[in-house]
Protein chains: 2
Amino acid sequence: MKRVATARRDDAGPAYVLEDQVGHLLRRAHQRHAAIFQDMIGDAQLTPLQFAALVKLHDLGEVSQNELGRRTAMDAATMQGVIKRLLARGLIDRKPDAEDRRRVVLSLTGDGRSLIAAAMPDGHAISDETLAGLDEAERRAFLALLKRLT
Amino acid sequence: MKRVATARRDDAGPAYVLEDQVGHLLRRAHQRHAAIFQDMIGDAQLTPLQFAALVKLHDLGEVSQNELGRRTAMDAATMQGVIKRLLARGLIDRKPDAEDRRRVVLSLTGDGRSLIAAAMPDGHAISDETLAGLDEAERRAFLALLKRLT
DNA sequence: GCGAAATCGTTTGTATACGAACGATGGAGG
DNA sequence: CCTCCATCGTTCGTATACAAACGATTTCGC
């Protein structure tokens, strides 16, 4: 008897189909989200990471650079670049921490505060559009499972 | 009556919670997968994209550079770098296409073929470990939903 | 045929992503 | 007090990721 499902493969293991691998699918879904983000973020001209950093600064008020990195899942080296660009655009402030001289304290400027407040609805629309193919129940199920993979 | 769930927010829209956004979750899941990949790929010293390119070349035999990019979801500029590094390691060959002088034809070398054959089981193990938190039914449901987001 | 449009591969510039190493500082323990 | 260790922010090197523009080539429309 020949196996039907695996056709002409004689080895024991299942075939490695790139399109079925979770890593490949995660990468493609992330690509699509980034494209949607860029299309829908509008005038703000923010990248997903810059948006995330501003949102967290909006939530937290003042926070050290490394702590902001942990809250937004960026490592210290990546944080450098993101912070540098937000500083250059005058969206955030930076001052030394009085109690720990290793640290710097980050916070939003007035420009940063109004820009992220205006962009917040876009953030919701972007998440919505990314999940456009799924109905409400499927979205809840997908997000719950996705959270367990982090 | 005050709303309980939204506490002190007076606006109409839902709060923007970074940790609940699909883009942020996709990014973190992809980060975790990349870390697992690096841990488990072993001696082969391949990145996820290099692995994907070799797998597709293994499946297809000969293919143009742009076509390989489409099959692996890489744009032409990204492809450049990946192909350059695989060429430098002697894992792939490159020759002009006789019928279309714009194209180059890519294929695996003997080294490339044996390396990807040896690494294929690692690919399965990496996908398995990435999904470690989910049972069989959850994995199927998650992958089916994830495919619909690409 | 022939001019326009599309495709192929390349290069440049910007922005993640992260390992590794670094100097400066802070905290813990003897 | 003083040494060891951890943490903070920085820099360097490598590898995606993609927009944009480019020259060379092919195909399409008429």
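Chain letters run A, B, ... following the sequence lines, proteins first, then strands; residues in each count from 1.
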request  = To the nearest Å, give me how far apart CG (B/Asp39) and P (C/dC18) are.
outcome  = 13 Å
query = Under 4.5 Å between any side-chain heavy atoms of B/Leu143 and B/Leu131, yes or no?
reply = yes
ask   = Backbone N or O of A/Pro96 within a donor-acceptor pair of the A/Arg101 side chain at under 3.5 Å?
value = no
task = Tell me what A/Asp75 touches on the nucleic acid: a base, only sugar-phosphate, or nothing, going by heavy atoms under 4.0 Å.
result = base
remark   = When B/Gln80 and A/Ala73 are each assigned the nearest nucleotide of DNA chain C, the 5'-most assignment goes to B/Gln80
note = In terms of heavy-atom contacts, A/Gly123 and B/Gln21 come closest through O-OE1, 4.3 Å
request  = Could you say whether A/Asn66 or A/Ala35 is positioned toward the 5' end of DNA chain D, judged by the nucleotide with the nearest heavy atom to each?
outcome  = A/Asn66
message = Side-chain N or O of B/Arg101 versus OP1/OP2 of D/dT26: is the shortest distance under 4.0 Å?
response = yes
ask   = In whole angstrom, what separates B/Leu26's CG from C/dA17's P?
value = 12 Å
Electrostatic pair A/Arg102:A/Asp97 at N-O distance under 4.0 angstrom = no
Can you give me the N/O atom pairs linking the protein to nucleotides 1-4 of chain C at distances under 3.5 Å, or say none if there are none?
none

ask   = Within a reach of under 6.0 Å around CG of A/Asp43, are more than 12 heavy atoms found that belong to other residues, nucleotides or ligands?
value = no
request  = Establish whether the base of C/dT7 is bridged to the side chain of B/Arg102 by a donor-acceptor pair shorter than 3.5 Å.
outcome  = yes
task = Give a yes/no on whether any side-chain N or O of A/Arg70 is located under 4.0 angstrom from OP1 or OP2 of D/dC8.
result = yes
task = Go through DNA chain C and write down every stem, that is, every run of at least three consecutive Watson-Crick or G-U wobble pairs with distances under 3.5 Å, as range with range.
result = C:1-30 with D:1-30
key: B/Asp128 side chain near B/Arg139 side chain, heavy-atom distance below 4.5 Å   = yes
B/Ala77 backbone acceptor or donor facing B/Gln80 side chain under 3.5 Å = no
key: Heavy-atom check, side chain of A/Leu91 versus side chain of A/Ile116, under 4.5 Å   = no
query = Base, sugar-phosphate alone, or nothing: which one does A/Gln65 contact when heavy atoms must sit under 4.0 Å apart?
reply = sugar-phosphate
Review item, nucleotides 12-16 of chain C N/O atoms under 3.5 Å of protein N/O:
{"residue": "C/dT16", "atom": "OP1", "partner": "A/Thr47", "partner atom": "OG1", "Å": "2.6"}
{"residue": "C/dT16", "atom": "OP2", "partner": "A/Gln50", "partner atom": "NE2", "Å": "3.3"}
{"residue": "C/dT16", "atom": "OP2", "partner": "A/Arg85", "partner atom": "NE", "Å": "3.0"}
{"residue": "C/dT16", "atom": "OP2", "partner": "A/Arg85", "partner atom": "NH2", "Å": "3.0"}

ask   = Quick check: does any side chain N or O of B/Arg27 sit under 3.5 Å from a backbone N or O of A/Ala73, one acting as donor and the other as acceptor?
value = yes
key: Nearest-angstrom distance from the residue atom CZ of B/Arg28 to P of C/dA17   = 13 Å
request  = Starting at atom CD of B/Gln38, determine the distance to atom P of D/dT16, rounded to an integer number of angstrom.
outcome  = 11 Å
inquiry  = Tell me whether A/Glu129 contacts the main-chain N or O of A/Met40 through its side chain, where contact means a donor paired with an acceptor under 3.5 Å.
reply    = no
query = What's the CD1-P distance between B/Ile36 and C/dA17, to the nearest Å?
reply = 17 Å
query = Is the backbone N or O of A/Ala15 less than 3.5 Å from a side-chain atom of B/His124, with the two atoms forming a donor-acceptor pair by type?
reply = yes
note = Rounded to whole Å, the NE2-C1' distance (B/His33 to D/dT16) equals 14 Å
note = Rounded to whole Å, CG of B/Asp100 lies from C1' of C/dT7 at a distance of 8 Å
task = Let me know, please, whether A/Ser64 or A/Arg32 comes out on the 5' side of the other along DNA chain D by nearest nucleotide.
result = A/Ser64
request  = Take A/Gln45 and A/Gln50 through the test side-chain contact (heavy atoms from CB on, under 4.5 Å) and record every step on the way to the result.
outcome  = CA-CA 9 Å; A/Gln45 287 284 133; A/Gln50 291 169 8; over 6 Å; no
key: Length of the CG-P vector between B/Leu86 and D/dA15, whole Å   = 10 Å
